[in-house]
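What follows is a single structure, written as structure tokens, with notes after it.
We count ligands from 1, going down the list as the structure has it; atoms in each ligand are counted the same way.
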Amino acid sequence: MIRHWGTWDEIRANFRWNIPARFNIAEACCDSWARDDPDRLALTHVAADGAATTWSYGQLKRASDRLAASFAARGVGPGDRVGVLLEQGPEVLITHFAAQKRGAIVLPLFSLFGPDALSFRLADSGAKLVVTDAGGLAKIDAIRADLPDLAEVYATDPASAPVRNLWDEIEAARPIPPVETGPDDPALLVYTSGTTGPPKGALHAHRVLLGHLPGIECQLERFPQPGDVGWTPADWAWIGGLMDLAMPCLYHGVPLISHRMRKFDPDRAFDLIARHKVRTLFLPPTALKLMRRASVPEAVDIRAINSGGESLGPDLLDWGREVLGAPINEIYGQTECNLVVNTMASAMEVRPGMIGQPVPGHEVAIIDADGHEVPRGETGEIAVKRPDPVMFLGYWNQPEKTAEKFIGDWLKTGDLGMMDADGYVGFVSRDDDVITSAGYRIGPSEIEHCLNGHPDVVMAAVVGVPDALRTEVVKAFVIARDGTASDTLRDALIQRVRDKVSPHVAPRALDFVDSLPLTATGKIMRRSLREG
Ligand code: ATP
Ligand code: MG
């Protein structure tokens with residue numbers, strides 16, 4: 001947590017980690033508030049019809065204490081994996097806290113996952129218990145026979161034996177003291193987005209929450225401030241939704257909004273923001289791209305936004321400032337080691353083409369294949385130095401993959417970037433998205449940003465496709481605004497890249513498409529476009 005604000009350099013220079021000998025996410029985000037101020041508002045759940053239900057910290061503690069006791073009665077203890085297959089809502093928090101009070105490991109599962117995705121993660125992690133709803137139950141039932149480790153299923157909706165009803169369990173249990181945990185004890189198993197290959201389980205310790213705080217506090221502009229209310233449309237099953245917004249809100253006593261939005265709808269998002277006076281948000285770039293095309297209601301009063309997971313591009317930042325009147329601070333990180341580079345618009349100059357600077361408390365460098373730092377301005381791999389509280393403990397059951405992730409004390413992100421003379425970090429491309437064309441190495445982001453800047457472009461993706469002469473050529477896939485796709489627009493877009501970026505990166509081919517392959521986290525799967 002940041003205690004000394006000032007200029008960006010002062011914030012960085014004065015920052016010290018303060019990791020206590022005992023630490024548990026449930027204690028920090030629920031029980032400590034519940035003891036001091038039990039009626040304090042923790043969560044407002046907004047149902048599909050707009051009806052709102054509130055939860056105080058005291059209520060979350062009562063429910064999670066009892067659910068922890070029920071878990072204990074089923075033999076759930078330290079190190080056991082507890083799956084959470086639920087959309088945003090109070091039950092997610094209650095389950096997280098209950099599992100953490102048992103010293104167990106929470107396995108967040110995206111509610112829209114189909115049977116294959118669920119089966120892979122539940123089997124790989126060896127989950128012992130899952131909490132879900134009626135929709136999830138149908139999927140679990142279909143795969144349960146293949147999951148020998150899965151002993152117990154709890155459901156939020158009425159269900160018949162052997163499935164247990166979550167609320168009945170909570171009411172019937174008698175609280176027991178929580179298991180004590182240290183900051184390095186495992187707390188969370190989050191699978192990566194699977195953008196480049198099969199998802200990997202990144203195991204995190206309780207300290208991962210503390211590791212996120214300085215970043216959030218900077219990106220959300222001296223978070224928390226009086227009157228802050230937080231919301232993210234990102235599912236809490238992803239590190240972004242969970243740790244870039246939901247848990248930091250609860251840690252800081254900032255009221256959190258939960259709402260189930262199966263398909264992101266920009267008008268509904270703005271309506272929710274206006275109605276519930278949401279002031280601080282984590283919005284992935286895909287959400288921002290869609291919101292940019294919607295009209296902003298008068299009552300929207302946003303204080304600060306953080307966004308990342310993909311490159312943002314200057315147009316979105318300008319739109320945020322001009323139309324929303326709020327800074328959009330870019331963040332960079334990955335499931336294994338999140339929030340390590342960011343901007344803080346009020347404290348640092350925002351440089352076009354650069355993400356920002358390393359977040360206080362994290363050491364970031366650009367390294368070569370031998371693990372040596374490359375000279376400033378040169379491209380290399382973005383790396384993060386260990387130890388770092390936000391860094392994962394390792395990949396679940398994959399010690400070789402964990403070992404390969406490091407060179408010396410550097411965690412290799414697999415992303416190419418560069419650092420300028422003032423320490424700003426720029427993102428070039430994912431290592432495997434680099435396009436090799438006529439001897440040039442070209443990153444897709446800059447071309448995509450240029451295309452996205454055209455008023456008739458909703459979303460663009462760029463990949464390299466094989467070419468006999470040039471090894472690869474640049475190919476763009478573009479979702480155009482309704483009714484605008486035409487040869488004229490194609491030519492205009494290619495010319496735009498030629499003029500604004502460089503002739504050598506201008507797409508040789510450009511297809512108009514109705515949709516782009518996205519991961520569940522909204523990232524463009526360039527791999528499937530290449531294979532397409
Ligand atoms: P997998 O590792 O399974 O292929 P993934 O890397 O997409 O999936 P995540 O951990 O969710 O899974 O995503 C982290 C990656 O997202 C980073 O390594 C980087 O490539 C990209 N990313 C995150 N933030 C930014 C950003 N601000 N700009 C550009 N890319 C970003
Ligand atoms: Mg990755």
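Interatomic distance, NZ of K500 versus CD of E446, reported as 12.0 Å (0.5 Å rounding).
Between I140 and V130, the shortest heavy-atom contact is CD1-CG1, 4.2 Å. Between S111 and D235, the closest heavy-atom pair is OG-OD2, 3.6 Å.
With a 6.0 Å cutoff to the six-membered ring centre and a 45° limit on the axis angle, R207 does not count as a cation-pi contact of F23. Cation-pi geometry between K385 and W410 is met: the NZ or CZ atom falls under 6.0 Å from the ring centre, inside 45° of the normal.
The pair R81-D149 fails the salt-bridge criterion, with no side-chain N (NZ, NE, NH1 or NH2) lying under 4.0 Å from an Asp/Glu carboxylate O.
Ring geometry, W238 versus F113: the interplanar angle exceeds 60°, so the pair is classed perpendicular (tilted spans 30 to 60°).
Of the candidates S311, G308, G240, P285, it is S311 that places a heavy atom closest to atom 28 (N) of ligand 1. In this comparison of R527, K523, M525, the heavy atom closest to atom 13 (O) of ligand 1 sits on K523. Comparing D415, D433, V425, I331 against atom 18 (O) of ligand 1, the shortest heavy-atom distance belongs to D415. The heavy atom nearest to atom 6 (O) of ligand 1, out of those in K200, R430, Q334, is found in R430.
D228 and T280 form no side-chain donor-acceptor contact under 3.5 Å, judged by distance and modelled atom types alone.
Using a 4.0 angstrom heavy-atom cutoff, A202 does not count as in contact with ligand 1. At least one heavy atom of G194 lies less than 4.0 angstrom from ligand 1.
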Verify side-chain hydrogen bond (donor to acceptor under 3.5 Å, both in side chains) between D388 and H362, making sure each step is shown before the conclusion. CA-CA 7 Å; D388 181 321; H362 307 285; 2.5 Å; yes

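In this structure, atom 24 (N) of ligand 1 lies nearest to the protein heavy atom G309 N, 3.0 Å. Summary of contacts: the protein heavy atom closest to atom 4 (O) of ligand 1 is T196 OG1, 2.4 Å. Of the protein's non-hydrogen atoms, the one nearest atom 7 (O) of ligand 1 is T195 OG1, 2.4 Å.
With a heavy-atom cut-off of 4.0 Å, F427 touches ligand 1 through its side chain alone. Looking at E330 against ligand 1, only its side chain comes within 4.0 Å, counting heavy atoms.
Between T335 and ligand 1, a contact under 3.5 Å exists for at least one N or O pair. Considering backbone and side-chain N/O atoms, T413 never comes within less than 3.5 Å of an N/O atom of ligand 1.
Atom numbering of ligand 1 starts at 1 in the shown order; those under 4.0 Å from a heavy atom of S193 are 3 (O), 5 (P), 7 (O), 8 (O), 9 (P), 11 (O), 12 (O).
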